[in-house]
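Presented below is the structure to which this report refers.
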There are 2 protein chains.
Amino acid sequence: MAKRTETPGRLDDAARAGWLYYVAGRTQDEIAASMGISRQSAQRLVSLAVAERLIKVRLDHPIAACLELANQLRRKFGLKYVEVVPSDPGSSSTTVGIAEAGAAEIERWLKRPEPIVLAVGTGRTLKAAVDQLPAIECPNHRIVSLTGNIAPDGSAAYYNVIFSMADAVKARHYPMPLPVLVTSAEERELLHGQQLVRSTLDISAQADVTFVGIGELGIDGPLCVDGFLEKDEMMELMRGGAAGEICGWIFDADGKLIDNPINERVASAPIPSRESSTVIGLAKGKRKYKAIRAAVVGRQINSLITDEDTAEFLLRN
Amino acid sequence: MAKRTETPGRLDDAARAGWLYYVAGRTQDEIAASMGISRQSAQRLVSLAVAERLIKVRLDHPIAACLELANQLRRKFGLKYVEVVPSDPGSSSTTVGIAEAGAAEIERWLKRPEPIVLAVGTGRTLKAAVDQLPAIECPNHRIVSLTGNIAPDGSAAYYNVIFSMADAVKARHYPMPLPVLVTSAEERELLHGQQLVRSTLDISAQADVTFVGIGELGIDGPLCVDGFLEKDEMMELMRGGAAGEICGWIFDADGKLIDNPINERVASAPIPSRESSTVIGLAKGKRKYKAIRAAVVGRQINSLITDEDTAEFLLRN
DNA sequence: TTTGCTCATGAGCAATTACTCACCAAATGG
DNA sequence: CCATTTGGTGAGTAATTGCTCATGAGCAAA
């Protein structure tokens with residue numbers, strides 16, 4: 001844009017007005033009086049000072065850096081909601097900070113007066129967040145699990161989040177009476193046809209907000225550690241370009257669900273719409289960098305709660 | 001489990017709200033919505049952030065008139081560094097504006113990569129400036145107090161700047177374990193002979209930059225108000241031609257230290273060299289005109305941060 | 001357990017600020 | 001020289017913010 005020569009004195013006046021307003025804390029009326037102009041003009045000068053960035057505001061608090069990172073992430077990836085918590089260099093925990101922030105966000109949703117459907121996935125991080133929840137009564141809301149609560153050996157799964165949630169939150173809750181992975185696509189169809197499962201799937205599709213963990217792959221990743229996949233299956237997945245998983249749905253580095261028999265055996269509900277609802281991923285940590293990045297760029301999630309280090313990685317790469 | 005409203009968490013919220021308001025430019029309604037609180041609470045958090053000095057506002061524009069005044073002052077008095085901030089006609093504060101400008105200058109020095117010795121005097125204005133400092137880590141620098149930190153009644157002095165500074169700035173700091181005024185010249189010699197005091201005095205003599213307030217005399221001046229001098233002592237001083245003081249060192253209208261028993265009882269370190277280092281005075285206001293003028297013409301300081309009105313006085317007289 | 005204190009909260013209202021509109025004056029350009 | 005553009009102004013009004021008050025929760029002392 002062709003910048004014309006501004007009236008030279010005007011910026012000076014703007015600076016003076018801005019100073020009087022922000023530093024000295026005078027009202028625009030007082031500024032107008034002391035500069036001999038109308039109140040409106042004083043207002044214009046003040047906003048000009050802001051627009052011309054003559055006024056520098058700095059926030060002197062550790063949280064400032066996090067907010068800045070969150071803003072950048074939101075812009076870069078077009079996310080709906082981003083929260084960045086400070087990294088704790090001394091801790092190797094994958095949940096500290098995130099759990100609290102996640103719980104606070106869950107609580108904010110549950111405190112809404114209008115009835116909502118809140119869906120939850122699985123994972124250690126999400127479990128940790130749910131464990132931070134205070135007791136809340138919200139009989140109007142419904143809480144639904146996207147993933148099955150049955151482990152490969154038939155027991156209740158290790159990280160079934162919805163039951164922990166039900167302990168704290170008084171609301172109707174809908175677990176998913178299925179394993180995470182079934183033996184074949186056919187079996188999945190059969191199970192999903194059951195009335196009970198059907199209705200839970202229907203509710204999950206209406207979720208207003210969804211909280212999911214993001215799992216990394218590899219023989220140390222949750223799918224292997226929890227016994228859902230054998231090492232050789234995992235190896236094959238990784239050879240096929242798999243980068244991470246959410247509720248068992250495995251995606252590649254671009255965040256696209258991969259075309260592999262294993263994805264056809266996932267009995268979890270589909271991840272609710274990222275267009276019409278809020279899908280919040282909770283994850284941090286170097287081992288998950290690749291998975292988180294994939295989930296964000298491929299829009300498996302549209303909101304993120306993570307830590308500073310991870311945020312910086314996502315912005316750099 | 002259950003969470004409570006802790007004070008630290010509240011400050012974090014305040015920081016977040018302040019950031020959203022001042023940096024991100026959201027309205028308080030939007031902030032309230034995104035933080036899940038009422039608008040009133042959001043407003044309170046924002047004003048808390050201001051009250052807690054989490055928000056630092058700085059004007060990044062050399063206002064022409066101020067620059068011009070600063071230039072003239074520098075020329076007229078041969079000063080090294082002069083900063084003039086706009087006068088706020090409606091305010092009787094002796095610190096508004098100067099404090100921010102002083103803090104910015106201190107910060108500039110502390111951000112230097114090479115190790116420096118920074119000396120500080122005392123006074124309300126200087127205290128206000130130091131209170132504006134953000135947290136800085138500068139383990140290479142040393143910060144030394146020129147004046148004692150013990151009040152006449154034996155308590156820590158009202159305006160002991162170095163401890164406030166130590167709160168914000170991570171650097172080695174050297175307080176002066178002495179009163180400002182001792183009972184006799186002999187006592188001063190005795191105290192100054194102590195090893196600890198000796199080494200602090202030595203460091204102060206090496207100061208690369210010094211920040212001092214300039215005190216006016218009179219029964220409303222700081223020396224009387226803070227109880228260092230009795231009224232009759234003050235009256236006698238003024239009859240003797242005293243015009244102002246820096247760190248307790250009392251000088252006449254020509255800026256020469258006066259020949260009076262009281263000056264022999266000042267236990268402060270001598271003001272560091274105005275030939276080989278930078279000695280910056282912070283002061284404004286009609287009551288201080290005479291003292292500031294004396295300090296400048298007598299070269300008790302070689303740099304000045306003041307306001308327009310004071311600058312104009314100094315140029316006229 | 002009761003009492004009293006502190007402090008956060010939401011509501012309502014007053015003060016302050018931002019924005020839009022219509023108009024004017026000086027520069028610009030044919 | 002006039003039409004046009006640019007930039008500024010005040011008025012009026014909508015939006016936003018700041019403040020006071022009544023209330024209730026948490027907590028410590030009695």
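Chain naming here is simple, since letters A, B, ... match the order of the sequence lines and numbering starts at 1 in each.
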Between the CG atom in B:Leu73 and the CD atom in B:Glu312, the distance rounded to the nearest 0.5 Å is 9.5 Å
Distance col, row B:His173:NE2 vs B:Met165:CE, nearest 0.5 angstrom, shows 10.5 Å
Whole-Å distance between [N] [atom2] and [X] [atom1]?
X	N	atom1	atom2	result
B:Ile31	D:dG18	CD1	P	10 Å
A:Leu48	C:dT17	CG	C1'	16 Å
B:Tyr21	D:dT16	OH	P	10 Å
A:Leu20	C:dT16	CG	C1'	16 Å
A:Ile37	D:dG7	CD1	P	19 Å
B:Asp29	D:dG18	CG	P	12 Å
B:Leu45	C:dC7	CG	P	16 Å

Note to self: Taking donor-acceptor contacts at under 3.5 Å, does the side chain of B:Gln40 reach the base of C:dA11?
What the structure shows: yes
Under 3.5 Å donor-acceptor pair, B:Arg44 side-chain atoms to C:dG10 base atoms: yes
Closest of C:dT9, D:dG10, C:dG12 to the B:Arg39 side chain is C:dG12
From the candidates C:dG10, D:dT16, D:dG10, the one with an atom nearest any side-chain atom of B:Thr27 is D:dT16
* Asked: Side chain of A:Asn302, backbone of A:Arg274: donor and acceptor closer than 3.5 Å?
  -> yes
Is there a side-chain contact between [X] and the phosphate of [N], meaning an N or O under 4.0 Å from OP1 or OP2?
X	N	answer
A:Gln43	C:dA18	yes
A:Ser38	D:dT9	no
B:Ser41	C:dG10	yes
B:Gln28	D:dA15	no

Checking B:Arg74, B:Lys76, B:Glu68, B:Arg75 against B:Gln72 for side chain to side chain donor-acceptor pair (under 3.5 Å), the one that qualifies is B:Glu68
Donor + acceptor pair across side chains of B:Asp307, B:Thr310 (<3.5 Å):
yes
